[in-house]
Peer 1: 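So that we are looking at the same thing, I have put the structure below in structure tokens.
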Amino acid sequence: MALRYDTPSLMRWNARAYDSSFGYVSAQGTPLIELLDPQPGERILDLGCGTGVLTGEIAARGTTVLGLDGSAAMIEVAVAQHPGLEFMIGDGGNFHLHRPCDAVFSNAALHWMVRDPDAVIRCVRAALNPGGRFVAELGGAGNCAALTSAMLTAWREYGLREPELPWYFPSPAEYATRLEQAGFTVRLLEYFDRPTPLDECPDGAADWVRMFAGSLLDDVPPGTVEPLLRRVNELAAPALRRESGWVADYVRLRFAAVRA
Ligand SMILES: C[S@@+](CC[C@H](N)C(=O)[O-])C[C@H]1O[C@@H](n2cnc3c(N)ncnc32)[C@H](O)[C@@H]1O
């Protein structure tokens with residue numbers, strides 16, 4: 001699948017740490033592959049494929065799959081781990097496939113494409129054959145609310161400028177409206193809590209912030225970073241630390257839509 005793309009704005013990912021400590025993100029994507037129900041011979045785009053774990057699972061169903069991601073670090077690991085598969089660096093809000101595909105799949109990535117969610121949906125529609133499927137899961141309204149509220153409070157307590165959170169967590173109604181307005185028929189839409197153990201994150205909420213909001217730490221004076229993150233942990237602990245360990249308050253939006 002040839003692709004025209006522009007690289008998205010700077011995103012910094014520690015792809016190795018993503019797989020070793022946050023492997024739950026792709027592990028939790030397996031039910032989404034069942035919803036996609038990939039058929040042998042289909043052409044499928046994995047949008048925001050990260051290190052390609054789910055891209056590989058979709059390919060194993062006999063499909064031709066292309067992984068697209070905005071992060072060169074993620075794509076580098078994806079290529080190394082799945083040498084037989086095709087991966088490209090590209091922007092979910094500004095890409096074009098020269099040959100359309102049968103389905104677009106996306107796990108835990110659409111909420112990162114904050115600049116223009118409608119542009120992302122338009123690109124997906126243009127990438128699909130008529131009747132093609134758009135099957136995805138993203139953070140929904142209220143996702144990680146205890147985590148982000150601890151962050152905002154800690155930033156405020158340290159006299160730091162309120163950080164601009166890098167995510168878009170829509171309500172089901174809002175996202176369904178965007179899909180319909182772009183020419184999709186929504187066949188299924190689920191909105192559910194998914195408490196997620198942070199088993200590989202000994203430093204709990206602080207580890208989560210380092211991975212998923214690391215760019216916000218760039219604006220924090222170096223000597224303040226560790227005390228700030230300790231404070232995030234203190235503030236988040238009552239809601240998120242259990243006897244068994246830390247559990248993040250994920251809320252998911254999962255949908256299957258068809259290009260009308
Ligand atoms: C949490 S990871 C999910 C990766 C993978 N889908 C998985 O399930 O493990 C989010 C991914 O979205 C990618 N991403 C964020 N914004 C993007 C954009 N505008 N265009 C393409 N990819 C983007 C990131 O680089 C990252 O790899």
Side-chain angles (χ1 to χ4, degrees), residues 3-36 38 44-59 65-82 85 87-97 103-124 127 134-140 143-144 147 164-169 194 196 198 200-201 207-215 248 250-254:
L3 184 77
R4 177 171 66 71
Y5 65 89
D6 294 320
T7 38
S9 56
L10 185 69
M11 291 180 293
R12 192 161 46 80
W13 286 87
N14 182 339
R16 302 272 170 204
Y18 177 77
D19 274 349
S20 60
S21 298
F22 297 87
Y24 66 79
V25 177
S26 42
Q28 299 264 11
T30 303
L32 193 63
I33 295 185
E34 296 313 318
L35 184 61
L36 173 69
I44 295 179
L45 172 67
D46 182 1
L47 182 59
C49 62
T51 58
V53 175
L54 296 175
T55 324
E57 290 185 24
I58 295 167
V65 60
L66 167 67
L68 169 70
D69 199 281
S71 160
M74 288 295 209
I75 290 293
E76 195 182 318
V77 172
V79 168
Q81 288 179 351
H82 305 276
L85 301 186
F87 291 98
M88 299 287 297
I89 299 171
D91 183 355
N94 186 13
F95 71 93
H96 172 75
L97 300 188
V104 174
F105 172 90
S106 183
N107 181 56
L110 295 174
H111 55 258
W112 289 95
M113 302 177 194
V114 292
R115 199 175 48 216
D116 185 351
D118 290 319
V120 175
I121 296 171
R122 277 196 304 273
C123 285
V124 169
F134 183 18
V135 176
E137 186 171 310
L138 67 155
N143 189 47
C144 296
L147 279 163
E164 199 175 322
L165 300 178
W167 312 290
Y168 161 65
F169 297 137
R194 197 201 65 198
T196 302
L198 298 176
E200 307 300 328
C201 299
D207 278 342
W208 186 92
V209 173
R210 287 187 189 98
M211 170 54 64
F212 294 116
S215 56
Y250 278 61
V251 177
R252 306 322 266 174
L253 201 55
R254 181 184 291 169

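All of these numbers come straight from a predicted model, not from anything done at the bench. Computation of the quantities below employed the complete heavy-atom set of this structure, encompassing side-chain atoms and omitting hydrogens, waters and symmetry-equivalent molecules. As the structure lists them, so they are numbered: ligands from 1, and atoms in each ligand from 1.
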Peer 1: Consider ligand 1: state whether an atom of it lies below 4.0 angstrom from any non-hydrogen atom of Y18.
Peer 2: yes
Peer 1: Heavy atom under 4.0 Å from ligand 1: found in L54's side chain, backbone, both, or neither?
Peer 2: side chain
Peer 1: At the 4.0 Å heavy-atom cut-off, does G93 count as touching ligand 1?
Peer 2: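 Contact check G93 vs ligand 1: negative.
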Peer 1: Do ligand 1 and L68 have nitrogen or oxygen atoms that lie under 3.5 Å from each other?
Peer 2: no
Peer 1: Geometry only, no angles: is N107 polar-contacting ligand 1 at N/O separations under 3.5 Å?
Peer 2: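 Yes, there is a polar N/O contact under 3.5 Å.
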Peer 1: With a 6.0 Å cut-off (strictly less than), is the heavy-atom count around CD of E164, excluding the residue itself, greater than 12?
Peer 2: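 No, CD of E164 has 12 or fewer neighbouring heavy atoms, counting only those of other groups under 6.0 Å.
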Peer 1: Any idea how H111 and F169 line up, ring-wise: parallel (<30°), tilted (30 to 60°), or perpendicular (>60°)?
Peer 2: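 It falls in the tilted class, 30° to 60°.
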Peer 1: Parallel, tilted or perpendicular for W167 and W112, by the 30°/60° rule?
Peer 2: perpendicular
Peer 1: Looking at non-hydrogen atoms alone, which of M88, M113, H111, Q28 comes nearest to atom 18 (C) of ligand 1?
Peer 2: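 Selected option, by shortest heavy-atom distance: M113.
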Peer 1: Tell me, please: is D69 in heavy-atom contact with ligand 1, that is, under 4.0 Å?
Peer 2: yes
Peer 1: Does ligand 1 have a heavy atom under 4.0 Å from the side chain of S106, from its backbone, from both, or from neither?
Peer 2: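 Under 4.0 Å from ligand 1, S106 contributes no heavy atoms.
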Peer 1: Using a 3.5 Å cut-off on N or O atoms only, is F212 in polar contact with ligand 1?
Peer 2: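 No; every N/O pair is 3.5 Å or more apart.
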